[in-house]
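Every chain is numbered from 1, with letters handed out A, B, ... down the list of sequences. Remember, it's a predicted structure, so these values are computed and weren't measured experimentally.
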Amino acid sequence: MGNVPSAVKHCLSYQQLLREHLWIGDSVAGALDPAQESCQLSGLPEYVKIVEVGPRDGLQNEKVIVPTDIKIEFINLLSQTGLSVIEVTSFVSSRWIPQMADHTEVMKGIRQYPGIRYPVLTPNLQGFHRAVAAGATEISVFGAASESFSKKNINCSIEESMERFEEVVKSARHMNIPARGYVSCALGCPCEGSVTPQKVTEVSKRLYGMGCYEISLGDTIGVGTPGSMKKLLESVMKEIPPRALAVHCHDTYGQALANILTALQMGINVVDSAVSGLGGCPYAKGASGNVATEDLIYMLNGLGLNTGVNLYKVMEAGDFICKAVNKTTNSKAAQASFSA
Amino acid sequence: MATVRKALLRRLVGLASLPAVSISSGGTFPKRVKIVEVCPRDGLQNEKMADHAEVLKGIRKFPGTNYPVLTPNFKGYQAAVAAGAKEVAIFGAVSELFTRKNINCSIDESLQQSYEILKAAQAASIPVRGYISCVLGCPYEGKISPAKVAEVAKKLYSMGCYEISLGDTIGVGTPGIMRDMLSAVMHEVPVAALAVHCHDTYGQALANTLMALQMGVSVVDSSVAGLGGCPYAQGASGNLATEDLVYMLTGLGIHTGVNLQKLLEAGAFICQALNRKTSSKVAQATSKL
């Protein structure tokens, strides 16, 4: 990189710069001050809920299988950052996803802080019952907008998967357990290529209709761009209110934050992300996966939007898990802050 | 190094840049975006730059493609012209401390130097592009007022720069701050004469660029493979990767005239030559490794 010039010694430290300039650090409580208001773009939601999927979607796609005690400590650290939703694990067969084989131990081992939700993935009724027995109080089901992807990923057609999820969601509702629905390949499929907004809308509507309180639209392979995100949301928002929608953007092609900005401008205020940008892409070797929670919070803070999340604490949790899995963070904000 | 730089330029050529057409009606994007490729200068700047004359003389200059060179002072301008430069770029700053630390003079003194260059360049019919650093934040002063950026932009434009590139030098900006800054600058300089130069130090570059496009800006600076680190944060990233920018613009249906495949090849070439990993996510995703 070349020698760091002596001028650097006189620079504000990045910590100082960020604190003074970008109002990060402690979460913002109450109304925005005039300086922040002037920066807030008109039409953006005032509050954005971040759904942290690092422990599940992130670790699921890491090559290293993380020990149970590390996972538990990681989730406990995340619970202290201000995040209100942390996806813990997946009750799927360990034959398919060995990284999540310790789902029961992790679910039982974490400290469940009051006011924080800890959803888990439950692909079928068997997984659902195991999850509830282990102490889960919120579940998620995963659909796809592509027939080929559904067959390859969960070994059944979209219709068959919907029937399975109906059973799960019905049981969940019966026990007053909220259910979240995911739609994968919302902006493109590794098998089929382009996916129509109409197909995504159809699957989303189905999940919403069966009782999912929120539908997370996943750009699974990160191929989406602001244009395709806009078209998708225009279609889905005709059938599902924006407050029941979330976006789950992968950063495989570096488009995630631009796509999220577009979604925010359209009224979406729930965004999924993974601390340190954990989780590669199983469809493109060496490619990145989830958008990094740190970089997302950085943008939201700069926009003057309230998240309730402390960026420094998230960076610390990110630092912890990266050391544990022996990898460099995918978060640019973390790279810049820890290197200064 | 000169051989590598020349070879990179050879590969980047054929990636034609077209004149920008800006549509400034709120919310719609420009139909075309001109990409200003800064890798051979801003990207490789952290390597030794002593070979500037050799590189400029050695490259093949394709018709229809511009090859601007940075000239921080009058002496540099004269050397550039002697080496065959047909377009030059000058640097202005909005932060007094940054100007002192970076080029050892005050803003007013640096503007005076710029004025000398512009006078001579105008006489020689050499177009001059103006860069402004730290438009969204300064590593020394912190917050930068949009009004100050507008003031410096107005000065450079009225002195004769045909285009002003607004640089988020340390990448701290976010879309709202970008919008505030551009709103102020656009009161003084027509949007068709503006460019944005976003650094990706905090991962915000593409989102900030998107905001600029939404405001009607139709010229964007970027660096192939995202080359060029950040001298203020060791290990942090620098420029926005041209590949990732082209990917977004193509997805938006905006015409760039740039062939992404050839760009990826140029990126692979320079990364191999420098023994560096690409910072472009598109390159990482499409790599054959």
Side-chain angles (χ1 to χ4, degrees), chain A residues 1-5 7-8 10-12 14 16-18 20-22 38-41 44 221-228 251-258 260-262 265 277 281 284-288 291-292 294-296 298-304 331-333 335-340, chain B residues 29 45-48 97-98 101-102 137-143 170-177 179-180 200-211 214 226 229-237 240-241 243-245 247-254 280-282 284-287 289:
Chain A
M1 215 209 71
N3 292 322
V4 174
V8 172
H10 305 286
C11 279
L12 300 173
Y14 266 98
Q16 190 180 355
L17 191 70
L18 295 171
E20 287 173 5
H21 186 49
L22 296 152
S38 70
C39 281
Q40 193 185 25
L41 296 175
L44 291 184
I221 48 169
V223 288
T225 50
S228 57
D251 203 37
T252 322
Y253 290 83
Q255 309 296 303
L257 279 185
I260 290 166
L261 178 64
T262 302
Q265 288 175 329
C281 178
K285 204 174 165 184
S288 65
V291 67
E294 299 94 318
D295 299 357
L296 170 65
Y298 187 98
M299 181 174 81
L300 297 174
N301 282 348
L303 284 165
S331 155
K332 293 228 165 162
Q335 278 169 28
S337 304
F338 281 98
S339 68
Chain B
F29 292 107
Q45 186 159 271
N46 284 316
E47 313 295 326
K48 294 197 189 78
L97 265 173
F98 186 84
K101 298 289 182 199
N102 213 34
C138 170
Y140 305 103
E141 292 186 11
K143 273 187 207 176
I170 50 169
V172 285
T174 43
I177 301 170
R179 180 171 158 138
D180 285 352
D200 205 35
T201 322
Y202 289 83
Q204 309 295 306
L206 210 55
N208 290 342
T209 302
L210 179 67
M211 176 53 61
Q214 287 176 340
C230 177
Y232 304 97
Q234 207 162 19
S237 65
L240 168 63
E243 299 93 316
D244 300 359
L245 170 67
Y247 187 94
M248 181 176 81
L249 296 174
T250 307
L252 280 166
I254 294 174
S280 156
K281 295 236 165 158
V282 172
Q284 284 167 24
T286 54
S287 145
L289 290 167

Heavy-atom contact with chain A under 4.5 Å, split by part of B/Asp200:
both
For the student: nearest non-hydrogen atoms of A/Tyr298 and B/Gly173, plus distance:
CE2-O, 4.3 Å
Between A/Lys332 and B/Thr201, is any pair of side-chain heavy atoms under 4.5 Å apart?
no
For B/Ala207 and A/Met299 the tightest heavy-atom approach is CB-SD, 3.9 Å
Heavy-atom pairs under 4.5 Å with chain B, option from A/Ser228, A/Ala256, A/Ala258 with the top count
A/Ala258
Chain B contact via A/Val291 - which portion, at a heavy-atom distance below 4.5 Å:
neither
Taking the side chain as everything from C-beta on, heavy atoms only, tell me whether A/Leu261 gets closer than 4.5 Å to B/Leu210.
yes
Hey, what do you get for CD (B/Gln214) to OG1 (A/Thr262), rounding to the nearest 0.5 Å?
6.5 Å
Answer yes or no: is there a side-chain heavy-atom contact under 4.5 Å between A/Thr225 and B/Tyr247?
yes
When heavy-atom pairs shorter than 4.5 Å are enumerated against chain B, which of A/Ala333, A/Gly227, A/Ser331 gives the highest number?
A/Ala333
What heavy-atom pair brings B/Lys281 and A/Gly254 nearest, and what distance separates the two atoms?
CB-N, 3.4 Å
Is the side chain of A/Gln255 donor-acceptor paired with the backbone N or O of B/Asp244 at a distance under 3.5 Å, no angle test?
yes
How many angstroms lie between CG in B/Asn208 and CG in A/Leu257, if you round to the nearest 0.5 Å?
9.5 Å
